[in-house]
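The structure appears right after this line, and notes come after that.
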Amino acid sequence: MVTALQPKTPHTIKIEFADEPVTSFGGLVLAERIAARLGLWRTLEGILPQRRGRFSWLTGIKSMVMGLLSGAQGTWAAQALRQDAALLAMLSLPGAPEEATAWRMLGPLGELAPNASLGRVHEIAARRVLDKLPRKELLLEGFVPVFADGTLLEGSGKREGTKYIREKGSGLMWSTVFVGPVPCAQRLAGPGEGEQTCVRALLGEVDRAVLKPLKLHGQALVMMDSLHGDDPTLKQLEAARLHYLVGANKLAKTEETLTNLPEAVWEDTGARAGLGWAASGACVCWLQCDDWAAKRLLVGRRFRREGELFWNYAGVLTDLRERDAAPMLARGLSFARAIWRLYDAKAGMETFFKDGLSDLGLHHPPCREHARNAGFYAVGALAWLLGVAVDVLGGAGAGRGATARQDGGERARATPRRMRLWRLRRELFALPGRVARHARELTVRLLGAGEATRQLFERYWGNLSRC
């Protein structure tokens with residue numbers, strides 16, 4: 001039975017163009033709003049030197065950042081704004097550079113001195129985002145999670161800085177440090193650099209420019225995978241007095257030590273059907289490598305998959321002690337299970353890269369020269385930060401806090417539930433809007449938004465205006 005009138009398919013379709021001040025990305029006013037609240041563009045103008053030419057650094061960088069957020073990619077990001085007069089007016093841009101000009105701008109951007117670079121602008125903006133973020137949205141079992149990792153981008157024999165990693169193949173190495181969900185620093189490895197070198201440098205910058213000014217240093221918990229479980233990185237963390245959980249699986253001594261432990265030290269942690277484990281256990285012991293000046297605490301795990309006869313072993317190094325995990329122990333967890341609960345949360349933080357690599361198209365370096373790619377990734381990281389800021393600050397108060405399981409399980413979520421950047425673009429940024437300016441007042445009238453979208457936008461706009 002037909003319950004509603006069905007629209008008939010038209011026999012004729014006519015196309016007309018109207019010269020009206022309308023943009024397809026009226027929702028990008030959210031990004032412009034939070035950028036103003038963070039003082040982002042003012043900071044950029046104050047730090048970067050003057051640029052000769054038609055387009056200033058501010059105009060070029062802002063055009064590329066907003067272009068990336070709208071879905072454009074690579075050096076075409078600014079070009080996407082050139083024909084959108086309403087969007088340019090909404091963003092207070094006098095124009096946008098063409099693709100060739102944007103390409104030329106990237107080289108000098110990648111060569112700027114550290115104290116006058118986009119990296120410094122990024123650190124300042126990230127610190128302001130974290131300062132506005134409610135602390136409860138940031139904490140994981142009383143700690144502020146700091147996640148450092150690298151990812152392999154596309155590479156080729158013609159692209160400067162391309163490296164070969166046996167387990168992953170060839171590509172450019174891009175390293176990032178997050179504090180909670182916020183990307184706070186990034187670095188594209190150049191010739192002679194690797195992920196470990198870059199991460200050590202970035203951790204020092206984030207501690208100096210973000211953690212200490214916000215008085216988060218004492219609560220910070222640095223989490224990294226086994227690539228960084230070596231003496232130089234651990235000594236740096238210990239000298240800086242930063243708490244850490246770092247994988248230890250690349251150390252030959254780890255499996256040797258865990259294999260030779262007596263059965264009595266292992267705590268039975270049962271089967272984990274979701275992981276395919278028929279049995280598992282955890283323990284705490286000390287690890288002493290030959291070239292270490294002192295032993296370090298090792299928290300071990302063993303597991304046996306369905307149908308297997310022998311145990312598999314894994315370990316994580318930490319400077320935490322039972323007093324540091326007291327709230328978790330009070331809920332009935334052992335110290336070993338508490339440590340693994342925290343370290344397992346790192347897996348959730350690894351998904352942060354999807355926002356940048358997939359949603360902003362940053363997996364594909366656009367240039368051949370390393371300096372230009374370094375400049376592009378500095379701009380891309382700024383767009384990434386701005387998109388994350390829109391969501392974590394605009395979506396606050398929606399019951400998305402970093403809640404932890406209270407049932408004694410090992411899984412923990414290190415960050416609030418978030419809206420991916422592709423979805424943020426689809427639901428909020430890509431709203432058509434009519435733009436009008438009168439004196440210093442800007443009016444953006446969003447068109448065709450359904451009731452659910454309207455309510456969502458109003459909540460984000462209200463939160464960003466009050467933050």
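What's counted below: heavy atoms across the whole structure, side chains too, no hydrogens, waters or symmetry copies. The model shown is predicted, which means the values in this text are computed figures rather than measured ones.
Between Leu152 atom CG and Tyr164 atom OH the span is 11.0 Å, to the nearest 0.5 Å. If you take CD on Glu32 and CG on Leu40, they are separated by 9.0 Å, rounding to the nearest 0.5 Å.
Under 4.0 Å is where a charged nitrogen must lie from a carboxylate oxygen, and between Asp355 and Arg420 at least one such pair does. No salt bridge links Arg372 with Glu160; every basic N to acidic carboxylate O contact stays at or beyond 4.0 Å. Salt bridge absent: Arg159 and Glu369 never bring a charged side-chain N and a carboxylate O closer than 4.0 Å. Using a cutoff of 4.0 Å between basic side-chain nitrogens and carboxylate oxygens, Lys346 and Glu350 are scored as salt-bridged. Taking the charged nitrogens against the carboxylate oxygens, Glu308 and Arg304 have no contact shorter than 4.0 Å, which rules out a salt bridge.
Checking His243 against Gln219 by side-chain atom types alone, no donor-acceptor pair falls below 3.5 Å. A donor-acceptor contact closer than 3.5 angstrom is absent between the side chains of Ser117 and Arg120.
The number of heavy atoms from other shown groups lying within 6.0 Å of NZ (Lys235) does not exceed 12.
The cationic atom of Arg296 (NZ for Lys, CZ for Arg) does not lie both less than 6.0 Å from the six-membered ring centre of Trp286 and within 45° of the ring axis. Cation-pi geometry between Arg187 and Trp174 is not met: the NZ or CZ atom fails to fall both under 6.0 Å from the ring centre and inside 45° of the normal. A cation-pi contact, defined as under 6.0 Å to the ring centre and within 45° of the axis, is absent between Arg426 and Trp422. A cation-pi geometry, defined here as NZ or CZ lying under 6.0 Å from the six-membered ring centre and within 45° of its normal, holds between Arg302 and Trp266.
Of all heavy-atom pairs spanning Leu424 and Gly387, the tightest one is CD2-O, 3.6 Å. Lys212 and Arg208 make their closest contact through CB-O, 4.3 Å (heavy atoms, listed as atom of the first residue, atom of the second, distance). In plain terms, the two heavy atoms of Thr318 and Tyr244 that are nearest each other are OG1-O, 2.9 Å. Shown here for Ala72 and Ala77, the closest heavy-atom pair between the two residues is CB-CA, 3.7 Å. In terms of heavy atoms, Thr59 sits closest to Ser63 at O-OG, 2.6 Å. What you find for Cys283 and Leu261 is that their closest heavy atoms are SG-CD1, 3.5 Å.
Taking the six-membered ring where the residue is Trp, Phe457 and Trp461 present parallel rings, their angle staying beneath 30° rather than reaching 60°. The aromatic rings of Phe147 and Phe178 lie parallel to each other, their planes meeting at an angle below 30°, with 60° marking the opposite boundary.
Test Leu28, Val390, Leu30, Asp391 against Leu428 for side-chain contact (heavy atoms from CB on, under 4.5 Å) and you get one pass: Leu30.
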